[in-house]
S.K.: 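Sharing a structure here in structure tokens format.
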Amino acid sequence: MDATPTYEMILVETPAEGVGLIRLNRPKALNALNGQITAEIFTAMEAFDRDPTIGAIVLTGSDKAFAAGADIKQMADTDAVTMMSGSDFTDWSRMSRIGKPIIAAVSGYALGGGCEIAMQCDLIIASETAQFGQPEITLGILPGAGGTQRLTRAVGKAIAMEMCLADRRLTAQEALQYGLVNRVVAVDAYLNEAIALAQKIASMSQIAVRLTKDAVNKADELSLTEGLQYEKKNFYLLFGTQDRQEGMSAFIEKRKANWQHK
Ligand code: DAK
């Protein structure tokens, strides 16, 4: 059995039934992402992903800063070979293997790697003060964790170019207008809104949720024909589950479904 991990830079809670909450907790550095905090985030996500009582994960920072980017002080001493050879900091692919939905609850700064980790989540709830940007160009580098790719797919080339080349920052309302976030709510409400959304997702069949997230994410990767085939395979797969039988029986019998997650 796995030993329960201990964390120094994040707080891990279960604030509502079925919901796993991860809070970045480096307030003095505005939640800058160094190797340790990214490793802790991904380890906590993996633990929630394995936990059968958890149906969805919320990732948040503080009201002032979701995350002000990768830790520039740590990166300043890192050479190209160390960056390329892989470390806790550079292996962000761990997050793309999480099967359960992840909701980013973003307030304040979401810059550089902070914007990128939010975009790697499946949904984003923003507070009115959220600010999204890719300021890497001001450091003589470029976004290295999806900023040129996920951002362009989310907001389109024109806005993405301006953000990556000229350090244009998006307000929460602009992020909503360009389709980067799901909704914008007051600072005192964004986290509860994200938790409520996670709780709603967690009330569904986990196997149906997992295969749905998987299929939607394939829309970014595949051609339409390939994507439609992929969707069909996940659809047929769900016809082999107890939850599919239960969900349809519950509808016909006018009662709430009692999911077994199998
Ligand atoms: N790194 C390290 N420390 C940071 C930081 C950061 N990104 N952002 C803020 N801090 C620290 C400040 O140094 C300061 O610490 P002390 O000086 O007090 O020790 C403290 O947090 C408070 O910051 P400020 O005094 O600057 O606070 P202000 O309110 O005046 O300004 C700010 C807030 C967010 C506008 C400003 O701090 C700022 O511009 N921060 C830097 C934003 C930035 O450039 N972010 C992009 C970093 S590059 C990759 C994965 C990820 C990445 C790349 C590759 N792989 C998987 C390969 C990502 C790269 C980046 O994110």
Side-chain angles (χ1 to χ4, degrees), residues 8-11 22-46 59-98 102 104-121 124 126-155 159-172 174-175 180 187 190 217 220:
E8 291 174 355
M9 295 191 173
I10 60 168
L11 301 170
I22 301 168
R23 279 181 206 263
L24 281 60
N25 189 31
R26 275 191 91 194
K28 288 188 182 143
L30 301 181
N31 291 329
L33 302 164
N34 61 12
Q36 183 177 342
I37 197 170
T38 49
E40 289 187 9
I41 293 166
F42 301 148
T43 300
M45 285 179 178
E46 286 159 359
L59 179 68
T60 197
S62 68
D63 291 351
K64 185 176 180 195
F66 177 71
D71 190 320
I72 299 166
K73 292 165 190 168
Q74 187 176 56
M75 279 193 301
D77 295 327
T78 308
D79 60 38
V81 174
T82 311
M83 267 288 172
M84 279 176 65
S85 55
S87 64
D88 283 341
F89 173 68
T90 51
D91 187 14
W92 287 35
S93 61
R94 285 173 70 185
M95 192 168 159
S96 44
R97 289 192 290 274
I98 303 296
I102 308 171
V106 177
S107 187
Y109 299 112
L111 302 177
C115 186
E116 290 170 310
I117 206 167
M119 290 191 293
Q120 214 173 318
C121 296
I124 304 179
S127 91
E128 290 161 336
T129 66
Q131 183 191 113
F132 298 86
Q134 297 290 165
E136 288 87 345
I137 194 81
T138 67
L139 302 168
I141 56 171
L142 62 82
T148 65
Q149 302 300 303
R150 289 194 182 90
L151 183 66
T152 308
R153 283 167 166 80
V155 304
I159 303 298
M161 276 290 187
E162 199 177 343
M163 291 173 72
C164 293
L165 292 176
D167 190 18
R168 157 118 185 247
R169 310 275 169 99
L170 296 188
T171 63
E174 286 172 326
L180 185 61
V187 180
Y190 73 98
N217 277 334
D220 273 344

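Atoms within a ligand are numbered from 1 in the order they appear, just like the ligands themselves. Keep in mind it's a predicted model, so treat the numbers as computed, not measured.
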S.K.: Hey, is Arg94 close enough to Glu46 for a salt bridge, meaning N to O under 4.0 Å?
M.R.: yes

S.K.: Treating Arg26 as the side-chain partner and Ala32 as the backbone partner, does any N or O pair qualify as donor plus acceptor under 3.5 Å?
M.R.: yes

S.K.: Main chain of Trp92, side chain of Gln120: is a donor-acceptor contact present, judged purely on distance under 3.5 Å?
M.R.: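 Looks like yes, one N/O pair under 3.5 Å.
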
S.K.: So, Glu40 versus Gln36: side-chain donor-acceptor pair below 3.5 Å or not?
M.R.: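 Glu40 vs Gln36: donor-acceptor pair found between side chains.
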
S.K.: About how many Å separate CG of Leu180 and CD1 of Ile124, when rounded to the nearest 0.5 Å?
M.R.: 4.5 Å

S.K.: Quick one: ligand 1 N/O to protein N/O pairs below 3.5 Å?
M.R.:
| residue | atom | partner | partner atom | Å |
| --- | --- | --- | --- | --- |
| ligand 1 | 1 (N) | Ala70 | O | 3.4 |
| ligand 1 | 1 (N) | Ile72 | N | 2.9 |
| ligand 1 | 7 (N) | Ala68 | O | 3.0 |
| ligand 1 | 7 (N) | Ala70 | O | 2.9 |
| ligand 1 | 13 (O) | Lys73 | NZ | 3.0 |
| ligand 1 | 15 (O) | Lys73 | NZ | 3.4 |
| ligand 1 | 19 (O) | Lys73 | NZ | 3.4 |
| ligand 1 | 21 (O) | Lys28 | O | 3.3 |
| ligand 1 | 45 (N) | Ala68 | O | 3.0 |
| ligand 1 | 61 (O) | Ala70 | N | 2.7 |
| ligand 1 | 61 (O) | Gly113 | N | 2.7 |

S.K.: Salt bridge check, Asp220 against Arg150: does any charged N sit closer than 4.0 Å to a carboxylate O?
M.R.: no

